[in-house]
Amino acid sequence: MAEGMNGAVLRLLDANANRAREALRVLEDYARFVLDDAALSAALKALRHQLADALRGVLSDAVLWRDTPGDVGTANKTASELKRQDLAGVVTAAGKRLGEALRSIEEYLKVVSPADSPHIEGARYTFYALEQQILRTLRPTAGRFDAVRLYVLITESVCHHPWEHVAEQALLGGADCLQLREKELESGELLRRARLLAQLCRRHGALCIINDRPDIALLSNADGVHLGQDDLPAIDARRILGSDKLIGVSTHHVEQARAARRDGADYIGIGPCFVSGTKQRDFVAGLDTVREVVEAAALPAVAIAGITEANVDEVLQTGVRAVAVTAAVCAAENPRKAAERLRKRIEVRMGLICRES
């Protein structure tokens with residue numbers, strides 16, 4: 001350590017080291033207790049130790065210059081510092097605080113211990129990558145999908161009546177989210193239908209989701225996109241859609257659900273619950289998987305595949321709060337009545353209405 005090191009700089013380094021450690025702990029706790037993400041939690045913990053190692057040579061002396069009672073800045077508070085609107089506010093503020101503290105440490109170390117400054121620079125760049133992962137989980141659209149209970153996938157080949165009629169009847173029967181799922185349509189026709197469905201859903205106060213195609217979701221002004229495991233990754237879809245659109249991801253086990261949250265999904269589909277006549281799959285995840293994912297995912301979830309009026313009660317016993325159906329409504333002679341019956345079963349199960357005597 002340089003002879004005659006400036007006491008004021010040591011004091012500054014001590015303050016910023018405390019600030020950085022405290023912010024890291026806030027972020028680490030979020031990853032550990034809210035996200036239940038072992039990998040992200042471990043990475044933040046490793047960064048905390050990296051910071052301690054880089055400052056080991058100066059902090060033993062820096063703490064001697066600490067003067068909290070004499071700090072002229074302790075009483076300087078802004079209104080935003082005294083209150084956080086939500087969890088996202090806590091996490092975002094901690095991230096900003098950490099980045100600022102690391103930059104201050106890096107710059108002032110150049111004066112008193114230049115050999116240590118590059119280590120802090122490395123820690124800062126490591127944090128920027130971790131911060132991006134953290135921010136993807138904060139869901140600026142939080143709350144928009146949470147109230148969904150009956151999610152109907154509109155596929156023309158399954159519909160007993162013209163698809164536009166089925167879509168409107170499903171909404172009148174209580175569906176609060178419709179997904180346009182047409183795998184074989186050319187892009188121009190798909191966009192035309194997406195625009196019609198988005199307008200219809202807006203008139204009924206429901207969400208409109210487009211299967212697979214974030215470009216079509218954006219151009220049609222739908223509420224979002226739903227992606228499968230083999231589709232465009234949620235991270236890339238978010239770059240196309242921006243932060244104000246919903247992204248749903250189909251998941252088949254807990255790790256996929258956790259990955260979906262890390263990648264910025266707003267909700268997840270869980271399944272397949274049963275064998276489905278609408279989409280052929282070579283596996284069934286089953287209701288035990290649905291139950292496990294619901295407990296672990298910390299995201300709004302909708303059960304998918306093979307759900308009917310006959311088995312919906314069994315599905316809802318897993319704790320899932322929304323179900324997705326296709327044939328159960330689209331193939332019905334009276335899609336409105338079919339949707340009404342499903343919606344009523346969901347609400348009875350959740351205690352929103354009294355069970356029939």
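- Between the side chain of Asn311 and the main chain of Thr308, a donor-acceptor pair closer than 3.5 Å is present.
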Go through the steps to decide whether Glu22 and Arg25 satisfy the test side-chain contact (heavy atoms from CB on, under 4.5 Å), and finish with yes or no.
CA-CA 5 Å; Glu22 291 161 1; Arg25 176 59 75 179; 5.7 Å; no
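- For the pair Asp212 and Lys183, the salt-bridge criterion is met [side-chain N within less than 4.0 Å of a carboxylate O].
- Formation of a donor-acceptor pair under 3.5 Å by the Asp176 side chain with backbone atoms of Arg149 is found in this model.
- By the 4.0 Å N-to-carboxylate-O rule, Glu28 lies too far from Lys45 to be salt-bridged with it.
- Between His226 and Tyr267, the closest side-chain pair of non-hydrogen atoms falls below 4.5 Å.
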Can you list the steps and then say if Asp236 with Arg239 is a salt bridge (charged side-chain N to carboxylate O under 4.0 Å, His left out)?
CA-CA 5 Å; Asp236 295 311; Arg239 293 190 177 107; 2.6 Å; yes
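- Considering all non-hydrogen atoms of both residues, Ala217 and Val225 come closest at CB-CB, 4.3 Å.
- Taking both residues in full, the closest heavy atoms of Ala198 and Ser220 are given as CB-O, 3.6 Å, listed atom of the first, atom of the second, then distance.
- Remark: Thr251 pairs with no residue by the side chain to side chain donor-acceptor pair (under 3.5 Å) rule, at least two apart or across chains.
- Partner of Asp37 under the salt bridge (charged side-chain N to carboxylate O under 4.0 Å, His left out) criterion, chosen from Arg258, Arg262, Arg136: Arg262.
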Kindly indicate, with the supporting measurements, whether the criterion salt bridge (charged side-chain N to carboxylate O under 4.0 Å, His left out) is fulfilled by Glu340 and Lys344.
CA-CA 6 Å; Glu340 285 176 348; Lys344 186 171 184 179; over 6 Å; no
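- Ion pair Glu295/Arg291 not flagged as a salt bridge, since none of the NZ, NE, NH1 or NH2 atoms sits closer than 4.0 Å to an Asp/Glu carboxylate oxygen.
- The number of heavy-atom neighbours closer than 6.0 Å to CG of Asp230, taken from other residues, nucleotides and ligands shown, is 12 or below.
- A salt bridge does not link Glu100 with Lys96: every distance from a Lys NZ or Arg NE/NH1/NH2 to an Asp or Glu carboxylate oxygen is 4.0 Å or more.
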If you apply the rule side-chain contact (heavy atoms from CB on, under 4.5 Å), what do you find for Arg144 with Asp266, and how did you get there?
CA-CA 9 Å; Arg144 288 184 61 196; Asp266 297 285; over 6 Å; no
Please walk me through it: do Val91 and Tyr30 pass side-chain contact (heavy atoms from CB on, under 4.5 Å)?
CA-CA 7 Å; Val91 175; Tyr30 171 71; 3.6 Å; yes
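- For the side chain to side chain contact (heavy atoms under 4.5 Å, CB included) criterion with Leu180, the lone passing option out of Leu190, Thr155, Ile216 is Leu190.
- For the pair Ile134 and Leu44, the minimum side-chain heavy-atom distance is below 4.5 Å.
- Residue Arg97 places its CZ atom among more than 12 non-hydrogen atoms of other residues, nucleotides or ligands, all under 6.0 Å distant.
- Between Leu232 and Ile240 the shortest heavy-atom distance is CD2-CD1, 3.8 Å.
- Counting only heavy atoms from C-beta outward, the side chains of Leu342 and Val329 approach each other to under 4.5 Å.
- Of the residues Glu164, Arg193, Arg181, Glu184, the one that meets the side chain to side chain contact (heavy atoms under 4.5 Å, CB included) test with Glu156 is Arg193.
- Between Leu150 and Val325 the shortest side-chain heavy-atom distance falls below 4.5 Å.
- Proximity of Leu40 to Arg32: side-chain heavy atoms (C-beta onward) are nowhere separated by under 4.5 Å.
- Using a 4.5 Å heavy-atom cutoff, the side chains of Phe127 and Leu98 are in contact.
- Here the closest non-hydrogen pair linking Cys330 and Val166 is CA-CG1, 3.7 Å.
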Are Ile210 and Gln179 close enough, and set up right, to give a side-chain contact (heavy atoms from CB on, under 4.5 Å), and what steps lead you there?
CA-CA 5 Å; Ile210 308 301; Gln179 180 191 130; over 6 Å; no
For the pair His119 and Gln50, evaluate side chain to side chain donor-acceptor pair (under 3.5 Å) and give the outcome as yes or no after the intermediate values.
CA-CA 8 Å; His119 299 301; Gln50 181 182 349; over 6 Å; no
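- Among the candidates Thr289, Leu287, Ile270, the single residue satisfying the side chain to side chain contact (heavy atoms under 4.5 Å, CB included) test with Thr318 is Leu287.
- One finds no salt bridge joining Arg349 and Asp313 here, because no Lys/Arg side-chain nitrogen approaches an Asp/Glu carboxylate oxygen to under 4.0 Å.
- Checked by atom type, the side-chain pair Glu333/His160 shows a donor-acceptor distance below 3.5 Å.
- In this structure, Arg238 contributes its side chain and Lys245 its backbone to a donor-acceptor pair below 3.5 Å.
- Open room surrounds OH on Tyr108; 12 or fewer heavy atoms of other groups in view lie less than 6.0 Å from it.
- Considering every non-hydrogen atom in both Ala260 and Val249, the closest pair reads CB-CB, 4.0 Å.
- Taking the side chain to side chain contact (heavy atoms under 4.5 Å, CB included) definition, one finds that Glu106 meets it with Arg103, Lys110, Ser117, Ile120, Glu121, Arg124, sequence neighbours left out.
- Atom CG of Leu13 is separated from atom CD of Glu107 by 11.5 Å, given to the nearest 0.5 angstrom.
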Could you give me the CA-CA distance, side-chain angles and deciding distance for Ser187 and Arg213, then say whether side chain to side chain donor-acceptor pair (under 3.5 Å) is met?
CA-CA 9 Å; Ser187 295; Arg213 297 286 297 271; 3.1 Å; yes
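- The shortest side-chain heavy-atom distance between Phe145 and Val148 falls under the 4.5 Å cut-off.
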